[in-house]
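Right, one structure below, let's go through it.
When a ligand or atom number is given, it counts from 1 through the structure's own listing order. Count residues from 1 along the sequence. Note: hydrogens, waters and symmetry copies are ignored here, and every other heavy atom, side chains too, is used.
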Amino acid sequence: MRKKIVAGNWKMNTLPAEGVELAKGVVAGRGEVCSCVNFIVCPPFTHLAMVAEALKGSDVALGAQNCAAEAKGAYTGEVAASMIAALGCKYVILGHSERRQYYGETSATLNKKMEQAYANNLVPIYCVGENLEEREAGKHFDVVKAQIEEVVYNLTEEQFRNLVIAYEPVWAIGTGKTATADQAQEIHAYIRKVLADKFGTAAAECPILYGGSCKPSNAAEIFAKEDVDGGLIGGAALKAEDFLAIGKGFAK
Ligand code: PEP
């Protein structure tokens, strides 16, 4: 049985006190959703310590949105994986399309970040996904395959067993356009096959999340698909009520 996960990527939103309120709202309503759903919130770095406090005693996990590629040292403005782990993070989002697109993150950088994450016992939520041009040219399978081969294929089997993948078509992020449930299933099944080519039966255990304008009204249909194990949620994670309602989308 694969883990069911609903992870919230708050991006660069909320002030610290607002983030704490949001986290408290998730904790307060969490009991209304099946305990089989694993909720994760990923606030900005500046909020991590305060949000960790707000999550104390609950089963809502904390994640960061990024970490540095180096362990420590003269890297002004960077935040090390050891630092976020020390604040209570269990997860770290790596390779989000916004980081690839706006901050030039390449597979070479992401390999180093993955190494840092595992060295600090963090579970990476590794994002893959094609842009609109690539989708329209029918290249989406090749794009995600390369993103997996260049990074995930470098993991040991033990590391792979502590990995979450998020498939996020760039054309669906923050645009209101969602991949159809069938489109999501098609590529999630393909991703699982690419993972199985390298890791064999362990691929059946890897949670693959869908991300891209996922909301309470479309989550249930997408999550009902066999190879969709939950969602990485952006905009709708900023309201506790919506975030929790997405978790209620699991019927299986
Ligand atoms: C994201 O950026 O991870 C995301 C899925 O955003 P949104 O839900 O806002 O499309």
Side-chain angles (χ1 to χ4, degrees), residues 4-14 18-19 22-23 26 37-45 47 51 60-67 89 91-105 110 113 117 122-132 134-135 140 143-144 147-148 151 163-181 183-185 187-188 191 207-223 225 227-250:
K4 303 179 201 313
I5 297 174
V6 176
N9 173 14
W10 296 2
K11 309 195 186 188
M12 197 170 71
N13 292 300
T14 73
E18 293 165 339
L22 177 53
V26 174
V37 180
N38 296 272
F39 283 105
I40 306 166
V41 293
C42 303
F45 289 134
H47 307 15
V51 170
V60 179
L62 186 64
Q65 298 171 23
N66 185 25
C67 72
C89 285
Y91 295 86
V92 60
I93 299 172
L94 291 178
H96 190 280
S97 63
E98 287 154 16
R99 301 243 22 120
R100 293 180 191 263
Q101 197 181 337
Y102 307 144
Y103 302 98
E105 285 198 0
L110 289 166
K113 292 188 175 198
L122 294 164
V123 173
I125 301 175
Y126 178 68
C127 303
V128 298
E130 79 287 354
N131 62 31
L132 185 60
E134 291 160 342
R135 164 68 62 165
H140 43 297
V143 170
V144 298
Q147 289 168 333
I148 290 169
V151 176
L163 177 72
V164 176
I165 300 258
Y167 167 68
E168 300 204 302
V170 180
W171 47 270
I173 296 180
T175 58
K177 279 187 202 163
T178 319
T180 64
Q183 281 174 323
Q185 170 57 25
I187 198 147
H188 279 228
I191 289 169
I208 306 177
L209 314 183
Y210 169 79
S213 298
C214 194
K215 42 189 183 273
S217 59
N218 60 24
E221 194 188 348
I222 298 171
F223 294 177
K225 294 293 179 183
D227 286 291
V228 181
D229 305 306
L232 180 56
I233 319 298
L238 296 172
K239 266 196 181 167
E241 203 187 332
D242 290 349
F243 186 57
L244 292 164
I246 287 172
K248 289 180 187 160
F250 281 104

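For His96 (side chain) and Lys11 (main-chain N/O), no donor-acceptor pair under 3.5 Å exists by modelled atom type. The main-chain N or O of Ala179 is found under 3.5 Å from a side-chain atom of Tyr210 such that the two form a donor-acceptor pair. Using modelled atom types, no side-chain atom of Asn9 and backbone atom of Gly234 make a donor-acceptor pair closer than 3.5 Å.
Atoms of ligand 1 found under 4.0 Å from any heavy atom of Gly212 (numbered from 1 in listed order, with element): 5 (C), 10 (O). Atoms of ligand 1 lying under 4.0 Å from any heavy atom of Gly174, numbered from 1 in the order shown and given with element: 7 (P), 9 (O), 10 (O). Residue Ala172 has at least one heavy-atom neighbour below 4.0 Å for each of these atoms of ligand 1: 10 (O). Near His96, meaning under 4.0 Å from any of its heavy atoms, are these atoms of ligand 1: 1 (C), 2 (O), 3 (O). Residue Asn9 approaches ligand 1 through these ligand atoms, each under 4.0 Å from one of its heavy atoms: 2 (O), 3 (O).
Closest of all the heavy-atom pairs between Val26 and Leu244 is O-CD2, 3.8 Å.
Side-chain contact check for Ile40 versus Ile125: some heavy-atom pair is nearer than 4.5 Å.
Protein heavy atom at the shortest distance from atom 9 (O) of ligand 1 is Gly235 N, 2.9 Å. Protein heavy atom in closest approach to atom 8 (O) of ligand 1: Gly234 N, 2.9 Å. Shortest contact from atom 2 (O) of ligand 1 to any protein heavy atom: Lys11 NZ, 2.5 Å. Atom 3 (O) of ligand 1 has as its closest protein heavy atom Glu168 OE2, 2.7 Å.
In terms of polar-atom proximity, Thr175 is not counted as a contact of ligand 1, lacking any N or O under 3.5 Å from an N or O of the ligand. Looking at Ile173 next to ligand 1, no N or O pair under 3.5 Å apart turns up.
Atoms OG and CD1, from Ser217 and Ile246 in turn, are 8.5 Å apart once rounded to the nearest 0.5 Å. With rounding to the nearest 0.5 angstrom, the CG atom of Leu238 is 7.0 Å from the OG1 atom of Thr14.
Scanning for salt bridge (Lys or Arg N to Asp or Glu O under 4.0 Å) contacts around Lys248 gives Glu32, with sequence neighbours left out.
Every heavy atom of Ala236 sits 4.0 Å or more from the atoms of ligand 1.
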